[in-house]
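A short write-up of the structure that comes next.
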Amino acid sequence: MKFHPIRIDRQPEYDKLCPEWKLEETPPPRERLAITTADRADGTFRCGETVRFSIEYLRDGKPLPGRKLHCRLQRDFHPEETFDLLSEETPVFRETTLERPGFVRLQVTAENLSAARGAGFDPLDIRPAPDVEDFDAFWDAERRKLARIPVQVLRMEKVPLDDPAYEGIVDCYDVQVRCTDGEPVSGFLALPCGAAPGTLPAYVFFHGAGVRPAFQPLPWAAHGMIAFNVNAHGLPNRESEEFYKEASRRLENYPARLYRTPEESLFVRMTLRVIRALEYIKTRPEYDGKTLIVHGGSQGGYQTLAAAGLDPDISLIIPNAPAMCNLAGALEGRTPSWPFTVRLESEELRNNRNALYCDGVAFARRAKAQALFTVGFSDQAAVPSSVYAAYNVYAGEKQIMDFPDLGHETSVFWTAEAEIVQFIRTKQQSSER
């Protein structure tokens, strides 16, 4: 099906679409930096064409001259450049190009202000680095190990709702399911009250980077889904603030850790919990056995790609600005993607083969579910060339939503609420014909 995605970072569209999220409007700052791709609003070009970045220092919406602009230009396959410009009463421009498919990013700072903009050159022609050779054999072995551990519910405790507006509409449970030793699947499961067996589509959300408990997915359940929100590290939910501070200390700098073998990787264990979370949700008696939707942003976007590559029962994935894609692209001169564990500058990171077993591109090649990607053109974590590398080899029906004016912090937080409801209704209508 064709999606018609709706931007949710703009009001009043956001409030109309997702009133339960209670987004508060932020007044525009008095001073700001504005960067655009002057000749092409969508920010996409052919290789060899020229992008003109237009830069303005604005006060109360009007250009303010005489401000020093510190600029940083990053381009795939090229050394980083830094230079200074001076704001004028009209926009100042910086031109650049790219000879091969990829992305460029211009960041500008002035005093305490910062802004960035990206541009893509033939992004649909970006091709990722090859997969690690024994990728399939590795994951077949890991899945066999997991299969020896039963899908056992360790906790199923009904909990008070965080939002009383959903009382009588949704029930919520704190759930833990056995997985790898000491690291269960841990999350909040929300269900419409009185749901009948075999009637509900399922929705699973995986977390981005950080150390935090799950949150209650009440709006999704109110839309008529089994909704499971899974925290990234198998931590218990509803613990004290000090508990999570201690967990953060224990997991400090976890994305950058290097491992002697891929089996030791924290991300491998995280991916196994993805598999187990999906196995569990399919045992729920309310599940309709047909519609399984997986969603997440950044690190959670990686987990959605892993889910689709490992579970053929998934119907739809929504990877928002997925991180951990095309990690080996850095060895070809591309801007590295989070968690930056494969890089040219260090011999140890150049040879970090173990990271490549958890690469979203490899899972994307093996996925068949329908997919709706998002990408921010100035994203420094899930860099856009890495997202397009995954998108271009994704094996299922797919669509991508470009955010040429956004970086990681915004493009990753896209609820996709309207699109998911549209998908479910279309699927249900199709089955009724």
Knowing that exactly one of Tyr287, Trp220, Phe228 qualifies, which makes a ring pair (Phe, Tyr, Trp, His ring centres under 6.0 Å) with Tyr203? Trp220
Got [X] and [Y] here, is their nearest side-chain heavy-atom distance under 4.5 Å?
| X | Y | answer |
| --- | --- | --- |
| Phe377 | Thr37 | no |
| His408 | Gln380 | no |
| Cys325 | Leu305 | yes |
| Ser315 | Lys427 | yes |
| Leu406 | Ser378 | no |
| Glu263 | Tyr259 | no |

Under 3.5 Å, is there a donor-acceptor pair linking the side chains of Tyr357 and Asp131? no
Do [X] side-chain atoms and [Y] backbone N/O form a donor-acceptor pair below 3.5 Å?
| X | Y | answer |
| --- | --- | --- |
| Asp379 | Ala382 | yes |
| Asn392 | Tyr388 | yes |
| Asn229 | Phe205 | no |
| His295 | Asn320 | no |
| Arg75 | Glu80 | no |
| Asn352 | Val342 | no |
| Ser186 | Leu235 | yes |

Set out, in order, the CA-CA distance, both residues' side-chain angles and the distance that settles salt bridge (charged side-chain N to carboxylate O under 4.0 Å, His left out) for Glu397 and Lys368, then state yes or no. CA-CA 7 Å; Glu397 184 182 346; Lys368 294 294 187 290; over 6 Å; no
Taking every non-hydrogen atom, the tightest pair across Ser385 and Arg334: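 The pair with the smallest heavy-atom distance is CB-NH1, 4.0 Å.
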Can you classify the ring geometry of Phe423 versus Phe3 as parallel (below 30°), tilted (30 to 60°) or perpendicular (above 60°)?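 Parallel, since the angle between the ring planes stays under 30°.
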Parallel, tilted or perpendicular for Trp338 and Tyr254, by the 30°/60° rule?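 Rings of Trp338 and Tyr254: perpendicular, over 60°.
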Pairing residues for Arg257 by the side chain to side chain donor-acceptor pair (under 3.5 Å) criterion, not counting sequence neighbours: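 Arg257 satisfies side chain to side chain donor-acceptor pair (under 3.5 Å) with no other residue.
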Is the distance between the ring centroids of Phe121 and Phe103 under 6.0 Å?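 No - the distance between ring centres of Phe103 and Phe121 does not fall below the 6.0 Å cut-off.
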Do Phe363 and Trp139 have their ring centres less than 6.0 Å from each other? yes
Could you tell me whether Arg100 and Asp76 have a side-chain N and a carboxylate O separated by less than 4.0 Å? no
Taking Lys158 first and then Asp174, would you say they form a salt bridge - that is, a charged N and a carboxylate O separated by under 4.0 Å? no
[X] to [Y] six-membered ring, cation-pi geometry met (6.0 Å, 45°):
| X | Y | result |
| --- | --- | --- |
| Arg366 | Tyr394 | no |
| Lys398 | Phe373 | no |
| Arg94 | Phe53 | no |

Do other residues, nucleotides or ligands put more than 12 heavy atoms under 6.0 Å from the CZ atom of Arg260?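 Incorrect, the count does not exceed 12.
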